[in-house]
Amino acid sequence: MSSSAPLIELLIAMADDELVLGHRDAEWTGHAPILEEDIAFSNIAQDEIGHSLIWYHLLEPLTGLTPDQAAFVRPAKDFRCCRFVAYPKGDFAYTVVRQYLFDEAEQVRLTALAESTNEQLRQAAAKLLPEETYHLLHTKGLVERLGRGTDESRGRMQAALDIAFPQALGMFESLSSEDQLIRLGIFPGHRALQRQWIERILPVLSGASLSVGVDGSGRPLGQPDLGGRIGAHTPYLLEALSDLQRVYNSEPGAIW
Amino acid sequence: MTDTQWSTWEVFHQTKRGDPHEHVGSVHAPDPQMALQLARDQFARRLKCSSLWVVRTSDIVMTDYQDPTFFAQTTDKSYRDPKAFDAPEKRHP
């Protein structure tokens with residue numbers, strides 16, 4: 001294994017998470033329940049895709065793939081996003097819950113990377129954190145309001161959370177080179193991040209009259225939805241990518 | 001059927017500190033905090049912005065377009081106009 005392999009693995013996982021979730025969020029453009037949320041979610045979608053670009057740029061000297069090649073040419077089996085981000089957008093409750101759970105994970109991930117021994121990661125994390133903090137403000141606000149809204153809004157949010165929570169645990173699936181990343185001080189490891197993430201989401205969810213399956217010490221119950229980090233994806237990723245990559249592949253290498 | 005639409009909030013945008021806040025439009029929102037967030041997405045994403053105000057539309061007291069008398073100027077008031085010097089249009093510092 002080359003010395004940069006662990007860093008590549010981490011960067012691909014983060015870049016692909018952002019790209020695929022950004023694509024799923026963008027599917028609301030023109031379809032969100034109200035105009036203002038349509039624009040807000042389109043904005044979040046563009047931000048996430050922009051964040052993937054930052055990670056793909058860092059990958060370019062390590063893999064030789066340009067960001068366009070990484071996003072538009074790579075086959076699904078080479079993607080390392082978690083399964084969670086690739087699922088269809090569902091109803092708006094599912095989208096809000098997924099984006100909220102992802103935004104909280106981004107907070108712990110980027111806050112940790114802001115302390116990384118790798119300078120490029122530190123700088124990128126510092127650049128992304130303010131935008132991610134705004135996403136979180138927005139989605140947390142929606143979770144709190146919809147959770148405490150009407151019986152229907154609470155019911156839909158809880159139903160979405162029941163589906164999304166085990167999927168979201170897949171964000172913290174270990175990387176094969178995780179031990180090395182931890183030893184080198186590049187990244188504190190997904191187990192630590194998941195613990196911090198759960199500490200953050202529990203009070204927010206209970207304040208919104210919503211609940212997730214965890215035991216008394218905050219350990220998740222039930223099966224996490226793993227596989228994405230080793231390329232064992234669901235058919236939904238293929239579906240999302242065939243949409244995402246269609247235009248590029250209709251005229252590969254075209255200059256716009 | 002009850003109206004489930006969120007109420008509207010008027011949005012005032014300030015480009016840089018010291019400039020006046022200018023009315024730029026309105027947003028639907030359930031409460032003041034969400035109104036500010038949604039106003040940010042609608043009006044401060046591309047425009048440079050240093051401050052936003054939101055005001056519940058129903059809290060604005062307004063004149064009535066149908067009232068012909070409120071702004072009526074029926075007598076000659078030209079003697080009030082400053083004609084002897086230029087008054088440049090100047091914004092607040």
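Below, chain A is the first sequence line, B the second, and so on; all start at residue 1. Note that the structure is a prediction, hence the values are computed from the model and not measured.
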Enclosure of A:Y236 OH (heavy-atom neighbours >12, cutoff 6.0 Å): no

Atom CD of A:E115: over 12 foreign heavy atoms under 6.0 Å: no

Under 3.5 Å: donor-acceptor pair, side chain of A:E36, backbone of B:V27: no

Flag side-chain contact, heavy atom, 4.5 Å: B:H28 against A:E37: no

Separation between NE2 of A:H138 and CZ of B:R40, rounded to the nearest 0.5 Å: 9.5 Å

Within-4.5 Å side-chain heavy-atom neighbours: B:R45 and A:D47: no

Chain B contact via A:E144 - which portion, at a heavy-atom distance below 4.5 Å: neither

A:D151 atom CG: more than 12 heavy-atom contacts under 6.0 Å: no

Closest-packed option against chain B by number of heavy-atom pairs under 4.5 Å, given A:I34, A:L35, A:L137: A:L137

Euclidean distance, A:L142 CG relative to B:Q37 CD, rounded to 0.5 Å: 7.5 Å

NZ (B:K16) with more than 12 external heavy atoms under 6.0 Å: no

Test item: B:D41 and A:F41 side chains (from C-beta on) under 4.5 Å apart, heavy atoms: no

